[in-house]
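Only one structure is covered here, and it is reproduced in the block below.
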2 protein chains.
Amino acid sequence: MAKDRASHQRIRKTPEERRREILDASIRLIGEYGFNGISLKDVADEVGMSQPGLLHYVGTKEGLLSMLVTDVYDMSGTPGDFLASGVPGSDPEAPHFPAYLRFLVRHNASRPALMQLYVVLQSEAVAPNHPLHDYFQARPEQVWNFYSEYPWVLPEEIGGWENMRSLVRMSIEAMDGIQLRVLREPHIDLYEEWLAFEKLLFPSPLWDEYR
Amino acid sequence: MAKDRASHQRIRKTPEERRREILDASIRLIGEYGFNGISLKDVADEVGMSQPGLLHYVGTKEGLLSMLVTDVYDMSGTPGDFLASGVPGSDPEAPHFPAYLRFLVRHNASRPALMQLYVVLQSEAVAPNHPLHDYFQARPEQVWNFYSEYPWVLPEEIGGWENMRSLVRMSIEAMDGIQLRVLREPHIDLYEEWLAFEKLLFPSPLWDEYR
DNA sequence: GTCTATACAAAGATAGAC
DNA sequence: GTCTATCTTTGTATAGAC
């Protein structure tokens, strides 16, 4: 297995593996205690290395956060993933927006640690001096622009994607509220709870062919 | 102005006044930076006293938080306040639940610092070692029990208060999501946004006489 | 790339004077 | 009731050996 290359070297963990370990540990710990609630030593212990050893990878504590956001956050659960998924409503030529939201909720439900990280950081970043403040501040508009690039098929009565702003906003608000609740009461099923909101936000018969 | 009583004493700030100052400063600072995001010195500076001076009042850092929760949180915006408010739907003999939720949203909108405190603490307390973890964990059930004591009048089709569980839960979820959004985009009107959700959660014609 | 040792600052809390 | 001084711990970060 491509082992002969540089065979005089001892096998050891590659930087990529370390990076991955650091990311996973950070997701768990920050998701649980918040960025303000953890220390670099906590993460280092979790990964099994010294605190200066960790700093070698992330530079500073903020660097750890940047790494997390850039490499993990915006990399999954996108409309692009949805169109490639082949689930009902994901026809790349005529995708259904409610179907994407269901996809997104399922995606989040399948990665609870990442979801928790998101919820916790989002609230923590309300503080104007938080390293992610600007990121989350700009996010709603960025997400809207991002979504706007896809050819969603909508009921004619809506009158075009431009009129979806408040519905998109309310959908995000509902999701955030649900996620916060599920964090405290894990017995609540995230997907079921979202379906209840979907029924209200995208009602029959208006959305029957477009959900 | 009642100055003659104990006129031989110099006028100075009473403990009550100090308490009030400490509470106000804490609401602002913790709401903005989170409990993990502030130090006792931050609060002390804000109030204009030394850090040990502050500790004289609150005992420990956690004591500050307890003081906040006990004295401020659960003391306002209750159904009791609602019934005494005289607004439409607040007849103590036959109160309307959606009317109470509107009352609650208006109340929150009128005290943005307190609302922000609530949102930030709620997420921070996801951490199992957070001093308010248990408090927020138990809260949904407590709120439900608290609400259950009032004789809300509901559409007959609902079939009784017991069937309101999911609707109450979804209402709270929506509110939490809205509040989080408004914190980042203050131009959004909290009350207007809630009315949009109310229309979905308590639709016509079912709720027309009970809203 | 990973460690030990260490510098430096900040935070919570206590002692004791006034 | 409020302060100064101080103790102790913890946290970020750097220096330098291996």
Side-chain angles (χ1 to χ4, degrees), chain A residues 5-26 28-30 32-68 71 121 124 127 129-132, chain B residues 5-6 8-26 28-30 32-69 71 121 124 127 129-132:
Chain A
R5 184 161 75 91
S7 61
H8 61 282
Q9 278 194 340
R10 300 244 332 266
I11 296 175
R12 62 173 167 180
K13 276 178 184 163
T14 70
E16 319 302 324
E17 283 173 321
R18 272 296 194 208
R19 257 183 91 84
R20 193 64 242 171
E21 286 177 345
I22 292 170
L23 285 177
D24 286 342
S26 305
R28 273 207 328 97
L29 288 176
I30 299 181
E32 197 156 357
Y33 302 103
F35 183 65
N36 286 334
I38 63 150
S39 71
L40 290 175
K41 181 166 189 312
D42 295 332
V43 180
D45 288 350
E46 185 81 7
V47 180
M49 67 203 281
S50 68
Q51 181 256 18
L54 173 64
L55 272 181
H56 173 74
Y57 282 87
V58 300
T60 74
K61 196 188 178 191
E62 282 198 23
L64 178 67
L65 207 48
S66 314
M67 204 166 114
L68 223 55
D71 289 20
L121 278 183
E124 202 176 30
N129 66 343
H130 193 283
L132 289 184
Chain B
R5 183 161 76 88
H8 60 284
Q9 278 195 340
R10 300 246 332 266
I11 298 175
R12 62 172 169 180
K13 277 178 183 163
T14 70
E16 319 302 325
E17 284 172 321
R18 273 295 195 212
R19 258 183 89 84
R20 193 65 242 170
E21 287 178 345
I22 292 169
L23 284 178
D24 286 342
S26 305
R28 271 207 330 96
L29 287 176
I30 299 181
E32 197 157 356
Y33 302 103
F35 183 64
N36 286 333
I38 63 152
S39 71
L40 289 175
K41 183 166 188 312
D42 295 333
V43 179
D45 288 350
E46 185 82 5
V47 180
M49 67 201 285
S50 68
Q51 181 255 19
L54 173 63
L55 272 181
H56 174 73
Y57 281 89
V58 301
T60 74
K61 197 189 179 191
E62 283 197 22
L64 177 67
L65 207 47
S66 314
M67 204 166 115
L68 223 56
V69 173
D71 291 20
L121 278 183
E124 203 175 30
N129 66 342
H130 193 283
L132 289 184

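Here is the naming used below: chain letters follow the sequence lines, and residue numbers restart at 1 for every chain.
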Heavy-atom nearest nucleotide on DNA chain D for B:Met49 versus A:Ile38: which residue maps closer to 5'?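 Closest to the 5' end, via its nearest nucleotide, is B:Met49.
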If you check every side-chain atom of [X], which of [options] has the closest atom?
| X | options | result |
| --- | --- | --- |
| A:Ser39 | C:dG1, D:dT2, D:dG11 | D:dG11 |
| B:Leu55 | D:dG1, C:dT14, C:dG1 | C:dT14 |
| B:Leu40 | D:dT2, C:dC3, C:dG12 | C:dG12 |
| A:Pro52 | C:dC3, C:dT2, D:dG11 | C:dC3 |
| A:Tyr57 | C:dC3, C:dT2, D:dT2 | C:dT2 |

Over how many whole Å does the gap from [X] atom [atom1] to [N] atom [atom2] extend?
| X | N | atom1 | atom2 | value |
| --- | --- | --- | --- | --- |
| B:Lys41 | C:dA9 | NZ | P | 15 Å |
| A:Leu64 | D:dG11 | CG | C1' | 14 Å |
| B:Leu54 | C:dA11 | CG | C1' | 13 Å |
| A:Asn36 | D:dT12 | CG | C1' | 14 Å |
| A:Phe35 | D:dG11 | CZ | C1' | 12 Å |
| B:Ile22 | D:dT2 | CD1 | C1' | 12 Å |
| A:Glu16 | C:dG1 | CD | P | 10 Å |
| B:Gln51 | C:dA13 | CD | C1' | 7 Å |

Start with the C-alpha distance between B:Asp45 and B:Lys41, add both sets of side-chain angles, then the distance that settles salt bridge (charged side-chain N to carboxylate O under 4.0 Å, His left out), and finish with yes or no. CA-CA 6 Å; B:Asp45 288 350; B:Lys41 183 166 188 312; 2.9 Å; yes
Between B:Gln51 and B:Leu54, is any pair of side-chain heavy atoms under 4.5 Å apart?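 A side-chain contact under 4.5 Å is absent here.
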Might you work through the side chain to side chain contact (heavy atoms under 4.5 Å, CB included) test for B:Tyr57 and B:Met67, ending with a clear yes or no? CA-CA 10 Å; B:Tyr57 281 89; B:Met67 204 166 115; 5.6 Å; no
A:Lys61 vs D:dT12: side-chain N/O to OP1/OP2 distance below 4.0 Å: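 Yes, A:Lys61 has a side-chain N/O under 4.0 Å of OP1/OP2 on D:dT12.
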Can you tell me if B:Glu62 uses its side chain to pair, donor with acceptor, with the backbone of B:Pro131 under 3.5 Å?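 Not confirmed, B:Glu62 side chain does not pair with B:Pro131 backbone.
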Is there a salt bridge (charged side-chain N to carboxylate O under 4.0 Å, His left out) between B:Arg19 and B:Glu16 once you walk through the steps? CA-CA 5 Å; B:Arg19 258 183 89 84; B:Glu16 319 302 325; 5.2 Å; no
